[in-house]
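In what follows, every heavy atom counts, from backbone to side chain, and hydrogens, waters and symmetry copies are set aside.
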Amino acid sequence: MLEVVTTVNGAVNSFVWGPVVLALLIGTGVFLTARTGCLQVRKFGYIMKNTIGSLFSKNRTKGSGNNLSPFQAVCTAMAGTVGTGNIAGVTGAIFIGGPGAVFWMWVSAFFGMCTKYAEIALAMQYRITDENGQHRGGPMYYIEKGLGHNWKWLAIIFSIFGALASFGIGNIAQSSEIAGALTGLVGMPPIATGIILAIVVAIVILGGVKRIGQVTSYMVPLMAIFYIICGIIVIVMRIEDVPNAFAQIFTSAFSLKSVGGGIAGYAIMMAMRQGFARGVFSNEAGMGSAPIAHATSSEKEPAKQAMWGVFEVFFDTIIICTITSLAVLLSGMELGAAALETYASKGAAAVHAFDMIIPGHVGSIVIQISLIFFALSTMLGWTVYGERCWAYLTNNNKIVINAYKIIFILVCIVGATGSGTLMWDISDTLNGLMAIPNLVALLGLSGVVAKITKSYFDSASKDGNELR
């Protein structure tokens, strides 16, 4: 049975992350970039000032009623975005696709900034407010309300894939990584990890979206700062090799020679596929997951909340993923799919990379601690996505939603005690399947995105806000 699942998933995955869907994914980003006048470049300074520059505001963690503050909303989204994919996923991409995969990851991120901006803008534009005063939004809502009721079937498909993915990438794959990290760090048995993880997750998610937002608003900045500081230390320790690492990235991106051998010319396609797939898997631009969290924001202006999407992709891929990439390349490890198989997991390969640079196994401690917090934050973020998908499918049925939360908590134990390899592959497939209906909606509603963008920045220009 397991072999059948593996075979079927492999076939679907080949299509989902094959040339057609990857072209749709990147093509949508290119199209939206054109429709918004290359917003991620033209307004980059303004966007940074009004996102990361607003973090020192006293009201950054104060929401309105049952909704999150804009900062809490972005932290909840980033909790689901900044995860083990930034470490394990990126490492795997470099081993399989070569250093050139990093370049294509950057390309994916460049256009992905505009894709995520558009997703969030639409999620804000078409969100609803339920009987408890909570905002609900995401691809399922802008598909149905934006494209029209005749497209509701597409919204349902997205919600089904999202609901299922929350158990995969949002739970089993993450709890498996946490169990592996704690076993390596303190020798904790996986079953013990699963039970403790289930208790921690229960305490947070049973408190609802509001509590998740409060927890992630502290967890996400701290874990990101920790990893960035440790990553900078690693880079500084091999600073003389940094120019060569960047040279490898650019030359390998267009190299005809495959990493670890292979057919000439196939290397470029493999680098592109790994770079695009891992980039999207990491920053989630185009998948439609993050807009679900952003829609819970108390912010009223769609474009203003959507600017966090540009920052999110930039921070996730251009900063954090690049740090991981440089650590792997600076370590001098042998690359290739065969070399990757010598490690217990992609995370283990990342651990070895850091250990080769930082003496005394300090590197492994850094990675394992990072994996624990990255994975835990991802689990918290994805509970919001899963809950909202189930709510859409069942018309916000409280019994179903509460059952979902209980099952999610119990699955923590299953994930911690099992192998996450197949679930990583299945999650990869589900993420790609989520993207397809979302990308259709983004293309169909691109005119709305352009209108929202023009209206906001015309108003900001008249008010003189762009000068501040």
Inset, instruction - Step through it carefully: locate the ring centre of Trp104, locate the ring centre of Phe254, and say whether they are under 6.0 Å apart. - result: yes
Legend entry - Greater than 12 external heavy atoms within 6.0 Å of Lys145's NZ: yes
Legend entry - Any Glu284 side-chain heavy atom under 4.5 Å of Asp316 side chain: no
Legend entry - Whether over 12 other heavy atoms sit under 6.0 Å from Lys300 NZ: no
Inset, instruction - Please tell me if the side chains of Ile128 and His135 come closer than 4.5 Å, counting only heavy atoms from C-beta onward. - result: no
Inset, instruction - Report yes if the side chains of Val414 and Leu410 come closer than 4.5 Å at any heavy-atom pair, otherwise no. - result: no
Inset, instruction - Using the side-chain contact (heavy atoms from CB on, under 4.5 Å) rule, take Thr317 and Ser108 through it: C-alpha gap first, then chi angles, then the decisive distance, then the call. - result: CA-CA 9 Å; Thr317 307; Ser108 170; over 6 Å; no
Legend entry - From Tyr126, Trp153, Tyr392, residue fulfilling side chain to side chain donor-acceptor pair (under 3.5 Å) relative to Glu144: Tyr392
Inset, instruction - Determine the minimum heavy-atom distance between Phe315 and Ile319, stating which atoms define it. - result: O-CB, 3.3 Å
Legend entry - Polar side-chain atom of Gln305 near backbone of Ile120 as donor-acceptor pair, under 3.5 Å: no
Inset, instruction - Using modelled atom types only, decide if a donor and an acceptor are shared between the side chain of Arg42 and the backbone of Gly37 within a distance under 3.5 Å. - result: yes
Legend entry - Leu164 side, atom CG; Leu430 side, atom CG - distance, nearest 0.5 Å: 6.0 Å
Inset, instruction - Check Ala416 against Pro190 and note the closest heavy-atom contact, atom names and distance. - result: O-CB, 3.2 Å
Inset, instruction - With rounding to the nearest 0.5 Å, note down the distance linking CG in Asn50 to CE in Met307. - result: 4.5 Å
Legend entry - Side chain to side chain, Gln40 and Tyr117, heavy atoms closer than 4.5 Å: no
Legend entry - CA sep, side-chain torsions, deciding dist, call: Ser175, Val411, side-chain contact (heavy atoms from CB on, under 4.5 Å): CA-CA 9 Å; Ser175 52; Val411 169; 5.9 Å; no
Legend entry - Where Ile413 and Ile195 come nearest, the two heavy atoms and their spacing: CG1-N, 4.1 Å
Legend entry - Heavy-atom closest contact (Cys114 atom, Leu39 atom, distance): SG-CB, 4.5 Å
Inset, instruction - Decide side-chain contact (heavy atoms from CB on, under 4.5 Å) for Ser166 and Tyr385; before the verdict, give the C-alpha distance in whole Å, the side-chain angles of both, and the deciding distance to 0.1 Å. - result: CA-CA 7 Å; Ser166 70; Tyr385 305 157; 5.6 Å; no
Legend entry - Under 3.5 Å donor-acceptor, Ser446 side chain and Leu443 backbone: yes
Inset, instruction - Give me the ring orientation class for Phe408 and Phe167: parallel if the planes are under 30° apart, tilted from 30 to 60°, perpendicular past 60°. - result: tilted
Legend entry - Flag if over 12 foreign heavy atoms under 6.0 Å of CH2, Trp106: yes
Legend entry - Over all atoms of both residues, closest heavy-atom pair of Met379 and Ile178: SD-CD1, 4.1 Å
Inset, instruction - List the atom of Phe158, the atom of Met287, and the distance in Å for their closest heavy-atom pair. - result: CE1-O, 3.3 Å
Inset, instruction - Decide yes or no on side-chain hydrogen bond (donor to acceptor under 3.5 Å, both in side chains) for Thr296 and Gln134, but give the supporting numbers first. - result: CA-CA 7 Å; Thr296 64; Gln134 285 190 340; over 6 Å; no
Legend entry - Short side-chain to backbone donor-acceptor contact, Ser176 and Ala173, under 3.5 Å: no
Legend entry - Ser252 (side chain) donor-acceptor with Gly100 (main chain) under 3.5 angstrom: yes
Legend entry - Gap separating the CD1 atom of Ile143 from the CG atom of Asn150, nearest 0.5 angstrom: 13.5 Å
Inset, instruction - Report yes if the side chains of Ile225 and Ile228 come closer than 4.5 Å at any heavy-atom pair, otherwise no. - result: no
Inset, instruction - First locate atom CH2 of Trp382, then atom OG of Ser289, and finally report the distance between them rounded to the nearest 0.5 Å. - result: 5.0 Å
Inset, instruction - Evaluate the side-chain proximity of Tyr141 to Leu122: yes if any heavy-atom separation is below 4.5 Å, no if none is. - result: no
Legend entry - Spacing of OG belonging to Ser325 relative to CE belonging to Met105, to within rounding of 0.5 Å: 5.0 Å
Legend entry - Check: Phe374 ring centre within less than 6.0 Å of Tyr227 ring centre: yes
Inset, instruction - Return yes if some donor-acceptor pair links the side-chain N/O of Glu119 with the main-chain N/O of Gly286 below 3.5 Å, else return no. - result: yes
Inset, instruction - Output yes when a side-chain donor or acceptor of Thr28 lies under 3.5 Å from a complementary backbone atom of Leu24, and no otherwise. - result: yes
Legend entry - Leu380 side chain near Ser377 side chain, heavy-atom distance below 4.5 Å: no
Legend entry - Atom pair OG1 (Thr115) and CG (Leu439), whose distance is rounded to the nearest 0.5 Å: 7.5 Å
Inset, instruction - Please examine the side chains of Ile212 and Gln72, heavy atoms only from C-beta on, and report whether any two atoms are closer than 4.5 Å. - result: no
Inset, instruction - Could you go through the side-chain contact (heavy atoms from CB on, under 4.5 Å) check for Ser370 and Met223 one step at a time? - result: CA-CA 7 Å; Ser370 297; Met223 73 181 194; over 6 Å; no
Legend entry - CA sep, side-chain torsions, deciding dist, call: Thr383, Tyr404, side-chain hydrogen bond (donor to acceptor under 3.5 Å, both in side chains): CA-CA 9 Å; Thr383 58; Tyr404 163 74; over 6 Å; no
Inset, instruction - Please find out if less than 6.0 Å separates the ring center of Phe457 from that of Tyr46. - result: yes
Inset, instruction - Could you point out which residue of Lys116, Arg127, Glu312 forms a side chain to side chain donor-acceptor pair (under 3.5 Å) with His294? - result: Glu312
Inset, instruction - Scan Ile96, Val328, Asn86 and name whichever one has a side chain to side chain contact (heavy atoms under 4.5 Å, CB included) with Thr91. - result: Val328
